[in-house]
Asks: 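First, the structure itself, so that you have it in front of you.
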Amino acid sequence: MNEIDELRKKIESLPSGGITAKTIKGKKYLYYQWTENGRQFSRTVKEKEAELLKAQIEERKFLQEKLKEMRNSKIPVSSAMIKKVNAYNCDVRIGESLKIFAASVSSYKKRYIYEVIKNFIYNETHDKVFILYGLRRTGKTTLVRQIIYNMLESNFSKSVFIQINSNNTLSDVNKDLKVLEAKGYKYVFIDEVTLMDDFIDGAALFSDVFATSGMKIVLSGTDSLGFIFSEDEQLYDRCILLHTTFIPFREFYDVLGIQSIDEYIKYGGTMSRSGENYNNLIFGTKQSTDEYVNTAIARNIQHSLKNYQYEDHFRNLYELYEKHELTNVINRIVEDMNHRFTIDVLTRDFKSHDFGLAQRNVRNDRNNPTDILDTVNKPKFLKNLMKALEILNKQNQTVEIKDVHRKEIKEYLDMLDLTCDIPVVSMTDLNNRVFFTVFTQPGLRYSQAESLIKSLMMDDIFKNISAIDRKRITDKILDDVKGRILEEIVLLETKKANPEKDIFKLKFAVGEFDMVVYDSENVNCKIYEIKHSKEISKEQYHHLVDTKKCEQTEFRYGKILSKVVLYRGKNSETEEGILYRNVEEYLLELGKH
């Protein structure tokens with residue numbers, strides 16, 4: 001009877017009801033619904049809380065079945081099964097509760113970095129902790145749950161998952177770990193550790209006290225900057241860092257099953273159990289994208305700076321922090337970087353020689369969306385776009401953003417692995433290298449570019465353009481944006497897959513190679529053009545067959561091994577020996593490395 005009473009109390013301490021989802025205006029909302037004293041209640045919940053509630057509800061149902069069995073069979077239930085949750089200071093999952101928690105991801109495909117974590121868990125490394133960090137929605141908690149789910153029973157029985165909340169401190173975790181260590185738990189997974197205000201300054205606790213005594217500790221969280229700071233200080237040479245933010249096309253293709261490069265351009269950058277639909281929620285609207293930038297990036301940076309060296313690392317951003325403007329300014333700088341990218345696309349394409357040829361080729365086709373741009377005064381049209389953007393920027397300006405602010409925030413964006421600089425080499429001035437910034441989450445860049453274009457095109461400046469023509473212009477501009485983002489994806493992934501080679505864009509007095517892959521060890525190179533098109537046209541590769549450009553390139557970078565156009569069509573070769581290669585196949589092959 002005592003066991004039945006304890007089990008009943010345990011069941012009453014767990015939530016009842018269920019989790020439901022609704023989609024309103026393209027945005028998914030989660031609701032926790034339950035009945036109390038005959039009345040039905042409902043409230044919205046965030047995804048992480050929904051996952052916790054779902055696991056607790058499932059645990060309640062499991063224990064209810066056990067209670068029913070006890071009443072029917074008079075067989076007592078193991079006391080370990082009814083262990084009170086409040087025996088620990090943090091939210092600790094062990095045993096059946098942990099099994100239920102991990103089982104919900106059993107059908108998910110694994111990210112490639114899964115094997116790295118697995119190797120740490122089962123190898124002989126001691127005195128180090130494993131840090132799994134990255135921006136939100138990049139699969140950190142899912143990876144941990146997959147590791148736990150696939151454990152042998154002998155290892156699972158020694159495993160524990162600890163969920164940190166903002167009220168916990170290192171002292172709470174320390175007390176719990178001592179209890180767990182005494183009970184023989186060896187594999188410890190602690191999620192959202194950077195929520196603790198004292199984590200950065202006391203992180204050595206995990207390596208110096210518990211890892212040295214044989215515990216395998218995996219820390220995860222979304223405040224990437226906090227982990228980088230702790231690695232530089234408290235956990236110096238005592239941790240293994242693994243970043244989850246960069247998700248290459250091949251992983252997007254394999255894990256989520258989304259096999260279109262255009263879908264990757266529009267939504268790439270996050271992982272999810274429901275693939276495209278979930279990613280639509282993140283980068284599908286301006287509102288959801290702004291929310292992601294605000295929570296995953298801006299607050300990430302601010303929270304980490306606030307807790308590092310007693311707020312002594314804000315540098316020139318401290319004034320903005322004091323005025324409660326730092327989060328807003330980070331948001332604006334991220335958005336401004338993507339606005340500048342969009343305007344650069346417009347400026348380049350409106351002045352491009354290739355663009356003009358394309359217009360003349362379709363001059364008589366009124367159904368072609370590019371044709372409408374040939375009927376407008378392009379310099380005036382671009383000037384009006386810039387004017388509309390200037391008005392929009394003034395409306396959003398609440399505080400002055402200085403160059404030093406942009407520089408320091410850009411440094412932090414690089415540290416978060418959100419941005420990366422690609423060099424642009426000028427053949428006319430080889431000593432003057434400049435760089436352009438690419439985003440490792442292409443969906444973020446495309447979403448902000450798309451919302452900007454649509455917003456500008458609705459400005460009164462363009463009131464004399466019909467709705468149909470405005471739609472055609474918008475579609476043409478967005479197609480150009482996709483083309484530029486495709487270039488960035490190829491350059492970024494080629495760079496990451498070939499760290500021993502130089503990857504850059506090469507400019508000439510007139511024209512450019514979209515990408516050069518230079519092997520300085522063997523003194524040779526490959527030259528590329530990158531096109532969003534599915535068609536083959538000589539205009540696409542006329543720079544690649546330019547004798548003078550090729551001679552200059554070989555003089556500087558050695559023998560040209562191949563001349564390639566990456567595009568969305570089928571593999572083929574022209575009479576001039578130019579290889580046309582499908583860009584999706586190129587990226588899939590590249591991803592293997």
Side-chain angles (χ1 to χ4, degrees), residues 4-72 77 80-86 88 90-109 136-137 139-146 148-149 160-167 189 191-192 222 256 270-282 284 288 291 295:
I4 289 176
D5 286 340
E6 284 190 47
L7 188 54
R8 189 185 297 113
K9 289 177 183 178
K10 171 63 178 172
I11 291 170
E12 289 174 355
S13 72
L14 293 167
S16 60
I19 302 295
T20 61
K22 293 182 181 179
T23 301
I24 302 173
K25 294 183 178 180
K27 185 171 183 179
K28 185 179 178 183
Y29 294 89
L30 297 172
Y31 295 87
Y32 169 47
Q33 296 180 330
W34 75 100
T35 301
E36 195 173 306
N37 297 325
R39 293 179 58 191
Q40 190 171 31
F41 296 87
S42 177
R43 65 180 177 86
T44 58
V45 291
K46 293 185 177 179
E47 185 186 357
K48 192 169 283 292
E49 184 185 1
E51 289 179 353
L52 178 60
L53 283 168
K54 185 177 179 181
Q56 290 175 333
I57 291 167
E58 289 174 352
E59 184 179 2
R60 180 189 176 102
K61 291 178 180 177
F62 171 80
L63 295 179
Q64 284 174 329
E65 288 297 319
K66 290 298 178 184
L67 180 60
K68 186 177 178 180
E69 290 177 12
M70 285 181 66
R71 285 170 171 166
N72 291 337
V77 177
M81 188 182 299
I82 55 177
K83 176 98 180 140
K84 290 184 179 179
V85 173
N86 60 10
Y88 297 98
C90 305
D91 183 0
V92 173
R93 291 187 173 278
I94 53 178
E96 196 65 36
S97 173
L98 180 60
K99 187 169 292 186
I100 294 170
F101 178 68
S104 60
V105 299
S106 60
S107 62
Y108 298 179
K109 290 187 176 181
R136 287 176 56 209
R137 306 292 187 256
K140 298 178 297 299
T141 306
T142 297
L143 282 162
V144 167
R145 292 162 78 176
Q146 288 173 325
I148 295 170
Y149 179 78
V160 56
F161 179 88
I162 302 175
Q163 177 69 56
I164 301 298
N165 64 57
S166 56
N167 295 321
F189 304 87
D191 195 20
E192 296 296 356
T222 52
L256 296 182
T270 61
M271 301 294 292
S272 75
R273 57 176 174 269
S274 53
E276 180 183 349
N277 292 331
Y278 185 89
N279 279 288
N280 269 315
L281 183 64
I282 298 295
S288 61
E291 181 184 353
T295 57

Asks: Are any non-hydrogen side-chain atoms of V160 and L98 less than 4.5 angstrom apart?
Replies: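 Side chain of V160 against side chain of L98, heavy atoms only: no contact under 4.5 Å found.
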Asks: Which residues pass the side-chain contact (heavy atoms from CB on, under 4.5 Å) test with Y149, not counting sequence neighbours?
Replies: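 Per chain and number, Y149 pairs via side-chain contact (heavy atoms from CB on, under 4.5 Å) with A102, A103, S106.
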Asks: Report the C-alpha separation of Y88 and I94 in whole Å, then their side-chain angles, then the decisive distance to 0.1 Å, and conclude whether the side chain to side chain contact (heavy atoms under 4.5 Å, CB included) test is met.
Replies: CA-CA 11 Å; Y88 297 98; I94 53 178; 4.2 Å; yes
Asks: Quick one: side-chain contact (heavy atoms from CB on, under 4.5 Å) partners of T44, sequence neighbours excluded?
Replies: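 By the side-chain contact (heavy atoms from CB on, under 4.5 Å) rule, T44 matches Y31.
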Asks: Check whether any side-chain heavy atom of Y108 sits under 4.5 Å from a side-chain heavy atom of L143, and report yes or no.
Replies: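 With C-beta onward as the side chain, the pair stays apart.
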Asks: Suppose we screen for side-chain contact (heavy atoms from CB on, under 4.5 Å). Which residues come up paired with S104, at least two apart in sequence or across chains?
Replies: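 Per chain and number, S104 pairs via side-chain contact (heavy atoms from CB on, under 4.5 Å) with R145.
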Asks: Excluding sequence neighbours, so at least two apart, what forms salt bridge (charged side-chain N to carboxylate O under 4.0 Å, His left out) with K99?
Replies: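 Residues passing salt bridge (charged side-chain N to carboxylate O under 4.0 Å, His left out) with K99: E153.
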Asks: So, taking the atom named NZ in K54 and the one named CZ in F101, what distance separates them when rounded to the nearest 0.5 Å?
Replies: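 Nearest 0.5 Å value for the NZ-CZ distance: 12.0 Å.
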Asks: Checking side-chain polar atoms at under 3.5 Å, does R136 have a donor or acceptor matched by the opposite partner on T295?
Replies: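 Short answer, yes.
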Asks: Within the 4.5 Å heavy-atom criterion, are E192 and Q163 side-chain neighbours or not?
Replies: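 Of all side-chain heavy-atom pairs linking Q163 with E192, at least one is under 4.5 Å.
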Asks: Distance from D191 atom CG to D91 atom CG, nearest 0.5 Å?
Replies: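 Rounded to the nearest 0.5 Å, the CG-CG separation comes out at 10.5 Å.
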Asks: Suppose we screen for side-chain contact (heavy atoms from CB on, under 4.5 Å). Which residues come up paired with K109, at least two apart in sequence or across chains?
Replies: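 K109 satisfies side-chain contact (heavy atoms from CB on, under 4.5 Å) with V255 once adjacent residues are dropped.
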Asks: With a 3.5 Å distance limit and no angle check, can you tell me whether S97 reaches the backbone of R93 through a side-chain donor-acceptor pair?
Replies: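 Not confirmed, S97 side chain does not pair with R93 backbone.
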Asks: Would you please name every residue forming a ring pair (Phe, Tyr, Trp, His ring centres under 6.0 Å) with F189, sequence neighbours left out?
Replies: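 For F189, no residue satisfies ring pair (Phe, Tyr, Trp, His ring centres under 6.0 Å) once neighbours in sequence are set aside.
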Asks: Report the residues that fulfil side-chain hydrogen bond (donor to acceptor under 3.5 Å, both in side chains) with Q64, sequence neighbours left out, ordered by chain and then residue number.
Replies: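 side-chain hydrogen bond (donor to acceptor under 3.5 Å, both in side chains) check on Q64 returns nothing, list empty.
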Asks: Run K140 and T222 through side chain to side chain contact (heavy atoms under 4.5 Å, CB included) and show every step you take.
Replies: CA-CA 9 Å; K140 298 178 297 299; T222 52; 3.5 Å; yes
Asks: Nearest 0.5 Å please: distance from the OG atom of S16 over to the CD atom of Q33.
Replies: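 S16 OG to Q33 CD: 11.5 Å, rounded to 0.5 Å.
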Asks: Would you say R137 and I282 make side-chain contact, with heavy atoms under 4.5 Å?
Replies: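 Of all side-chain heavy-atom pairs linking I282 with R137, at least one is under 4.5 Å.
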Asks: Roughly how far apart are L30 CG and T20 OG1, rounded to 0.5 Å?
Replies: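 Spacing of CG (L30) from OG1 (T20) equals 8.0 Å.
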Asks: Does the side chain of I162 come within less than 4.5 Å of C90's, by heavy atoms?
Replies: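 Yes, their side chains come closer than 4.5 Å.
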